[in-house]
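Please read the structure below before turning to the comments.
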Amino acid sequence: MKAKSLHFAKSGSAQVIAAELGRIHQCVCDQIPPAYPCEGDKVIFIGVEMNGKLPGPVDHFCRDLTPARAQNVAFYILNGSGNTSGLDDIKKAMEAKGVHMVADVHAVQVKGSLFKKGMPTDADVKSAVEWAQKVIDKDLK
């Protein structure tokens, strides 16, 4: 299956999960915007650090997707609350162009402190890997 594992987070917290998904699914792992455009991908996993609003670069990237570039997009969201809201507008925009957004958005709650950004734990990475496999097995068959 042709896939990509992309990430966007100022703290680098999403890269840990994105790299593991890339390794397990033997696909390209890159940041958004990617070095090479998506082309004919069955699924793009997007990890993003956000609290209620999709960051501009991710929003622009997703709005440029077409079915020729990617058939499906699956998001995992990293933040301190575990909240996955804020994707309704981009879902409408992508689906209007024929790109399916997987309904099961995965939440990764990362705890930080005043001076240090939170990073996903090994358990968070394992949970994200299991979620990605379920997306492949359930939503893409």
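Hydrogens, waters and symmetry mates are skipped; everything else that's a heavy atom, side chains included, is used.
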Next on the checklist: Determine whether Ser127 and Asp124 satisfy the following criterion, side chain to side chain donor-acceptor pair (under 3.5 Å), listing intermediate values before the conclusion.
Outcome noted: CA-CA 5 Å; Ser127 175; Asp124 293 331; over 6 Å; no

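Scanning all heavy atoms of the two residues, the minimum distance from Gln109 to Gly80 falls at NE2-O, 2.8 Å. For Ala107 against Gly82, the heavy-atom pair with the smallest separation is CB-O, 3.2 Å. Listed here is the closest heavy atom pair of Ala9 and Glu49: CB-CB, 3.5 Å.
Taking the six-membered ring where the residue is Trp, Phe45 and Trp131 present perpendicular rings, their angle passing 60° and hence far from 30°.
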Which donor-acceptor pairs under 3.5 Å do side chains of residues 84-92 form with protein atoms, sequence neighbours excluded?
unit_1: Ser85; atom_1: OG; unit_2: Asn83; atom_2: OD1; d: 2.9
unit_1: Ser85; atom_1: OG; unit_2: Asn83; atom_2: ND2; d: 3.2

Contacts under 3.5 angstrom, residues 20-38 side chains, donor-acceptor by atom type, not counting sequence neighbours:
unit_1: Glu20; atom_1: OE1; unit_2: Arg23; atom_2: NE; d: 3.2
unit_1: Glu20; atom_1: OE2; unit_2: Arg23; atom_2: NH2; d: 2.7
unit_1: Asp30; atom_1: OD2; unit_2: Ala35; atom_2: N; d: 2.6

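Linking Ile, Leu, Val, Met, Phe, Trp and Tyr residues whenever their side-chain heavy atoms come within less than 4.5 Å places Val108 and Val135 in a single cluster. Cluster membership check: Val43 does not share its hydrophobic cluster with Val105, using side-chain heavy-atom separations under 4.5 Å among Ile, Leu, Val, Met, Phe, Trp and Tyr. Cluster annotation: Met50 is not connected to Val102 through the hydrophobic network of ILVMFWY side chains, with a link wherever side-chain heavy atoms come within less than 4.5 Å. In the hydrophobic cluster analysis, where Ile, Leu, Val, Met, Phe, Trp and Tyr join through side-chain heavy atoms closer than 4.5 angstrom, Ile17 is grouped apart from Ile46. Hydrophobic clustering, with ILVMFWY side chains joined whenever heavy atoms are under 4.5 angstrom apart, groups Ile77 together with Val58.
The structure places CG of Asp41 at 8.0 Å from CD of Glu39, a figure rounded to the nearest 0.5 Å. Summarising the geometry, atom NE2 belonging to His106 is positioned 14.5 Å from atom CZ belonging to Phe75; distances are rounded to the nearest 0.5 Å.
Judged by distance alone, the side chain of Glu95 and the main-chain N or O of Met101 form a donor-acceptor pair under 3.5 Å.
Residues forming a side-chain contact (heavy atoms from CB on, under 4.5 Å) with Val16 (at least two apart in sequence, or on another chain): Met119, Pro120, Val125. For Asp59, the salt bridge (Lys or Arg N to Asp or Glu O under 4.0 Å) criterion is met by Arg63, not counting sequence neighbours.
Contacts classified as side chain to side chain donor-acceptor pair (under 3.5 Å) and involving residues 65-78 (residues at least two apart or in different chains) are given here: Asn72-His100. The ring-ring contact (aromatic ring centres under 6.0 Å, His included) pairs that include a residue from residues 48-67 number zero, where partners must be two or more places apart or lie in different chains.
Counting heavy-atom neighbours within 6.0 Å of Lys97 NZ, excluding the residue itself, gives a total above 12.
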